[in-house]
Amino acid sequence: MAEPLLRVEDLVCRFGGVTATDHVSLDVNSGELHAIIGPNGAGKTTLISQLTGQLMSHSGTISFAGQDITRLPAHRRSRLGLARSFQITSLLPDFTAADNVAMAAQAHDGHSFRFWGDARKEKGLRDAARSALSRVGLEHRADTVVSELSHGEQRELELAVALATKPQLMLLDEPMAGLGATESAQMVKLLQELRREVTIVLVEHDMNAVFALADRITVLVYGRVIACDAPAAIRQHDEVKRAYLGDQHVVTRHD
Amino acid sequence: MKASLNARTIIVALVVAGLLLLPVYTTLSGNVFGLTLFTRIIIYALAAASLNLIMGYGGMMSFGHAAYLGIGGYAVGILAHEGIGSGFIQWPVALAASALFALVIGALSLRTRGVYFIMITLAFAQMAYYVASGLARYGGDDGLTIYKRSDFGGLIDLSNRVQFYYLCLGCLFGGIYLIWRIVNSRFGMVVQGLRSNERRMQAIGFPVNRYKLVCFVIAGTICGLAGALLANNTDFVSPAAMYWTRSGDLMVMVILGGMGSLFGPVLGTIAFLLLEEALSQFTEYWALIMGPLLLLIVLFARGGIDGMLGRARRG
């Protein structure tokens, strides 16, 4: 059995008295699409932030490609090939789409203590930006300022930026958040293609998308992993039904 | 859009031409005062342009930028006082001292964000102010008179008003050219990205603090040059050059001209100092008129003068 690409062991994160991540252990194998689901407040985004280094863990370890990264700052993890997209779109709003992606390519092309040449005229960066944009179908919007892109386009741009860092592993935090039905379907199609090239951890509320895409699903409730299995098995899992799918049914009935 | 873009280009071209030709006019008309006033304006414009690099492009609201005016000035003044009159020694020392100060206070204050950053840069500048006030050997509170301007051998005579004017203008244009190259370089992209969204920059792999610190040091060094010029211009340096109101003036010049615009600080400085000059002819309470005017600009013309001239945001 090959070493997993990402191995999380006994990870803990507390906010005051709340244990947002409660001794989570998790393996992500190279090449798989691993979904993390759970009700609101289960600690999914917290876990992603711990994995990418925006939040530091209180205990436990994270190893990535055989290297212990538990204490590495976010920018070092990105350099190792760990990319993330944000649940709430987090781009550079006053830059164009192409600039946003070129910036990501630049971050992974040596240091940026270069003070003279015009960065917007560097062919290498512009080409990298164009190819990442065309991967997500945004090449026609390359010169549009981000604040003028539609929400759906911004979600796609988030992916293009992550792609431009040439990641081994992409952590996608609700890429379908706020998308309409057509846009969601498009995003699912896009993820189908991307998963062939890069290992993906997907946090998502859209259950249709999750069950269509995932090789394995981890279910998180109150910061604890209650199940981790193939989609078919998760569907049948009693505790999951009760804790998560069941809860939602109850809620929808009250609506 | 195109027409307004032209309006801006025309104004900038006129200002540049006006600055280049001013000594011709003042020499012919014998208006020495005009030349002195504009020498001062140009020096402050250089200081404002350097502040614009960190504040306008980098989003670092430094409220202590006048400290470098004082440090650059005191480097010249103290060396002159100790008998070292050569500009080839004085000026590099002025730049190095400013860079070192920026490095130290930057390393400490860039750990903070927002209001805390504003407050801590203000605090460091005030510390520099009080240290200068305590330099009894160099005039203390009263400041230090410089009896001889920096000596550059036969190269240039700073005591000649016209030569000194053109030296200052050269420094200003050189400084703006440098800033223009920097903001469009890879380094400048990172700095502007940090203003836009620091968390995102970190997530895509930039060690953000290093870039901020280097930018902070570059801005401080350029402002140190303005300090050396200013001391030569007034033949005098005093702690007042570092007082927090002076830092505030620099911020106003940048905001008035247009943050994050290359030439904005020059327009802002010209407007600010000419307005101050004109209003103070009428009344000693000129600040009473200046205040509301600034308020109107901030409320109704967010991009400052440069914004009013029309321009695609941050090209």
Side-chain angles (χ1 to χ4, degrees), chain A residues 48-49 52-54 72-86 88-96 99-122 124-125 143 145-147 157-158 161-167 171 173, chain B residues 1 50 53-54 56-59 111 174-219 221-222 258-262 302-303 307 311-315:
Chain A
I48 295 283
S49 296
T52 50
Q54 272 91 23
L72 285 190
H75 66 90
R76 294 275 303 280
R77 299 188 198 193
S78 168
R79 295 256 164 148
L80 290 174
L82 204 67
R84 85 169 285 181
S85 76
F86 290 90
I88 296 157
T89 307
S90 177
L91 295 156
L92 310 172
D94 42 1
F95 285 74
T96 65
D99 284 343
N100 266 269
V101 187
M103 196 84 84
Q106 183 185 323
H108 291 259
D109 183 34
H111 66 75
S112 286
F113 290 105
R114 298 197 210 165
F115 302 92
W116 212 245
D118 191 334
R120 284 198 175 91
K121 290 189 179 134
E122 284 193 46
L125 297 181
D143 296 323
V145 175
V146 165
S147 52
L157 184 55
E158 280 262 348
V161 169
L163 277 175
T165 64
K166 296 188 207 121
L171 300 148
D173 196 357
Chain B
M1 189 67 222
S50 72
L53 176 62
I54 47 174
Y57 289 105
R111 294 158 186 270
I176 288 179
Y177 177 71
L178 184 72
I179 291 169
W180 177 63
R181 294 306 298 236
I182 288 174
V183 296
N184 287 304
S185 70
R186 282 193 176 207
F187 177 79
M189 287 291 132
V190 176
V191 167
Q192 294 182 72
L194 290 173
R195 179 202 65 220
S196 194
N197 185 345
E198 188 171 331
R199 188 174 68 141
R200 164 50 83 187
M201 294 299 281
Q202 209 157 25
I204 60 177
F206 287 111
V208 299
N209 282 345
R210 260 173 253 175
Y211 290 96
K212 282 182 155 183
L213 183 57
V214 170
C215 187
F216 198 77
V217 170
I218 293 172
T221 312
I222 297 175
M259 285 211 286
S261 102
L262 197 62
R302 303 285 302 260
R311 185 176 70 105
R313 284 296 289 156
R314 305 186 207 282

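Just so it is clear: chains get the letters A, B, ... in the order the sequence lines come, proteins before strands, and each one is counted from 1. Just so it is clear, the model here is predicted, and its values are computed rather than measured.
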Query - Selection from A:Ala74, A:Ala164, A:Ser90 maximising heavy-atom pairs under 4.5 Å formed with chain B - result: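 Most heavy-atom pairs within the cutoff with chain B belong to A:Ser90.
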For [X] and [Y], work out which heavy atoms get closest and say how close.
X: B:Pro207; Y: A:Arg79; result: CD-NH2, 4.3 Å
X: A:Pro93; Y: B:Ser196; result: CD-OG, 3.1 Å
X: B:Gly205; Y: A:His108; result: CA-NE2, 4.5 Å
X: B:Arg200; Y: A:Phe86; result: NH2-CD1, 3.7 Å
X: B:Val190; Y: A:Ser112; result: CG2-CB, 3.7 Å
X: A:Leu92; Y: B:Asn197; result: CD2-CB, 3.6 Å

Distance, nearest 0.5 Å, that separates [atom1] of [X] from [atom2] of [Y]:
X: B:Ile204; Y: A:Asn100; atom1: CD1; atom2: CG; result: 7.5 Å
X: B:Arg210; Y: A:His111; atom1: CZ; atom2: NE2; result: 11.0 Å
X: B:Arg195; Y: A:Asp94; atom1: CZ; atom2: CG; result: 4.5 Å
X: A:Met103; Y: B:Phe206; atom1: CE; atom2: CZ; result: 6.5 Å

Side chain / backbone / both / neither for [X] at chain B, heavy atoms under 4.5 Å:
X: A:Ala104; value: both
X: A:Thr52; value: neither
X: A:Gln54; value: side chain
X: A:Leu80; value: neither
X: A:Pro73; value: neither

Query raised in the report: Mind checking what makes ring pair (Phe, Tyr, Trp, His ring centres under 6.0 Å) contact with B:Tyr177, not counting sequence neighbours?
Result: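 Partners of B:Tyr177 under the ring pair (Phe, Tyr, Trp, His ring centres under 6.0 Å) test: A:Trp116, B:Trp180.
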Query raised in the report: Are B:Met201 and A:His75 close enough, and set up right, to give a side chain to side chain contact (heavy atoms under 4.5 Å, CB included), and what steps lead you there?
Result: CA-CA 8 Å; B:Met201 294 299 281; A:His75 66 90; over 6 Å; no
Report task. For the residue pair B:Leu178 and A:Phe115, establish whether any side-chain heavy-atom pair is separated by less than 4.5 Å. Result ->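 Contact flag for B:Leu178/A:Phe115 side chains = no.
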Query raised in the report: Quick one: salt bridge (charged side-chain N to carboxylate O under 4.0 Å, His left out) pairs with a partner in residues 177-190 of chain B, sequence neighbours left out?
Result: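 Non-adjacent pairs meeting salt bridge (charged side-chain N to carboxylate O under 4.0 Å, His left out): A:Asp109-B:Arg186, A:Glu122-B:Arg186.
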